[in-house]
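Just so we're on the same page: letters track the sequence lines, and every chain starts at 1.
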Amino acid sequence: MKNWWKILGVLLVLYSIIGGFLIPVPAVNRVSESIRNLYFHVPMWFAMIVLATISVIYSVIALSKSSEDADIKSSQSASAAIPFALIGLITGSIWAKFTWGNFWTNDPKLNGVAASLLIYLAYFVLRSSIADEQKKARISSIYNIFAYVMMIVFILIIPRFVDSLHPGNGGNMAFGKYDLDNNMRTVFYPACIGWILMGVWFTEIRVRTEKLKRKYLYGND
Amino acid sequence: MAFILLIFFSATLSAQNSEPVEMADLFYREGKIYLVIAIVSIVFGGMALYLFLMDRKITRIEKKINDKYV
Amino acid sequence: MSFAKISALVKKEFVLEFRQRASFAGIILYLVGCIYLSYLAFIGSELKDRGFWNALLWIILLFNSIISVSKSFASEVKGRALYNYTIYDPRHLILAKLFYNMLLVLVVSLTGFFFYGWFIGNLVKNIPLFVVNICLASMAFSGILTMTTGIASKINGSFTLISVLSIPLLFPLMLIAMRISLLAALGSSFAGCAQYLMALGALNVMVIVLCYLLFPYLWKE
């Protein structure tokens, strides 16, 4: 059946919940059991980046083929990326309060995500200020491409330069090297894939709803 | 979820690696972890079920509109 | 790629600017006004902290850049769009506008730094590095601002829309520029900031390339 990937996504996330609590984790200083948060906090970012990438790919298609369908997919996947970013920030803040001491610190990844969130919100403001659908598609696709490039610069490139509290940047041990031992990998990778699939499911539902709305408003075209 | 776990360990951890890191082993031995797993699974499972029902509703609307407009 | 055509367009920009010298004067007036206001705000307490000094300067430069570029597309009147489209290639137009705006923002920023140092005092130890940083950052500012002003002009955008669209996009740029700026003020050498300067340079190139590729899509009405 054609919705197998949705069920796979749900099963993978369920597996990550059960395995995440049952499978033993390495004992790391300061983080202790809360390292299990890795299974839930980090997949949010992977899902967000994958959805943003899908969004920009459809933006490019929308521009080159003047396709309204591609524009719908582009905007709805960007919409679906926003809650992942918010939940990632909130869960990260709570985790930070317990391990680093503050809800918000001067960490480049936090700044990067917050700024990227603002950039994409500006994208939605732009979309809402244009009435004509075709013009909306063209102009917001252009902005989407800029937004994606800036987001990648901000989230992935700048943290390499700057000192950071996050593991893996600026002098801290990478999660990948020491602590993400093989046990954790067996839960972490399925969790990421599961949440990415869930994100794509959210997007698909939004896309279908938007298409129905347009068909209802503008008739059969 | 991390919040609930962290309530159950209260040691202040120092920066030295020689001290054993306190993990929530007592919690695990008492089997309370299964309660946590059950609750979180039900929460997530409930949301997934809701999502699935919405998906089905949209499929039905799509069929209805396609019949009407096709 | 006709340099003759591009330079003709650039010349047109200059001519238009000199015909209405009032707008350039207005930009300089706004700049000096901001700086003098900041000076008044600091009467009584000496501004000795380089961090504050740096932050204030960049905020002033940011808003003045936005103001300077916001008038850029005002001359592209709606009715003449089709005529213009048949006369010249949008790529030539965007290159001309980019070149002109970069020059404009460069002049405004350097003037701003000059007046800022005059009124509020110069706390910079490594001035050449500081000036190079302002030049690179101004070019990148104007690149992004030119694009967003172009977008806003297509949708009868107000100044608010330009600000909303461009300020989030400028965040990563501001971060790098302010970082180099603070290091320069503290006396770091060119070598110490090498990776940041390269990042800034790369960002410039990326912005120009994106503008060049995407502007034709924006312009076909």
What distance do A:Met150 atom CE and C:Ile144 atom CD1 have between them, rounded to the nearest 0.5 Å?
3.5 Å
Expected output: side-chain C:Tyr217 to main-chain A:Ser64 donor-acceptor under 3.5 Å
no
What pair of heavy atoms forms the shortest contact from C:Pro172 to A:Val153, and how long is it?
CB-CG1, 4.4 Å
Shortest non-hydrogen contact between A:Tyr143 and C:Ile151, atoms and distance
CD1-CD1, 4.1 Å
What do you reckon, is OH of C:Tyr30 surrounded by more than 12 foreign heavy atoms closer than 6.0 Å?
no
Hey, does C:Val164 have a side-chain heavy atom less than 4.5 Å from the side chain of A:Leu126?
no
Give me the atom names and distance for the closest heavy-atom approach of A:Val149 to C:Met206.
CG1-CE, 3.5 Å
Atom pair SG/CD1 of C:Cys211 and A:Ile142 - distance to nearest 0.5 Å:
10.0 Å
C:Leu213 versus chain A, the contacting section by heavy-atom distance below 4.5 Å
neither
Would one find more than 12 heavy atoms of other residues, nucleotides or ligands at under 6.0 Å from atom CZ of A:Phe124?
yes
Between A:Lys135 (side chain only) and C:Ile155 (backbone N and O only), is there a donor and an acceptor less than 3.5 Å apart?
no
Taking all heavy atoms of C:Leu218 and all of A:Arg138, pick out the closest pair and write down the distance.
O-NH1, 3.1 Å
Step through the shown structure and confirm whether more than 12 heavy atoms of other residues, nucleotides or ligands are within 6.0 Å of CZ on C:Phe215.
yes
Reference residue C:Pro168; test side chain to side chain contact (heavy atoms under 4.5 Å, CB included); the match among A:Leu121, A:Leu118, A:Val125
A:Leu118
Can you confirm whether A:Glu133 is buried at CD, in the sense that more than 12 heavy atoms of other residues, nucleotides or ligands lie under 6.0 Å from that atom?
yes
So, applying side chain to side chain contact (heavy atoms under 4.5 Å, CB included) with A:Phe146, which one of C:Leu165, C:Leu169, C:Thr148 is it?
C:Leu169
Are any non-hydrogen side-chain atoms of C:Lys154 and A:Ile130 less than 4.5 angstrom apart?
no
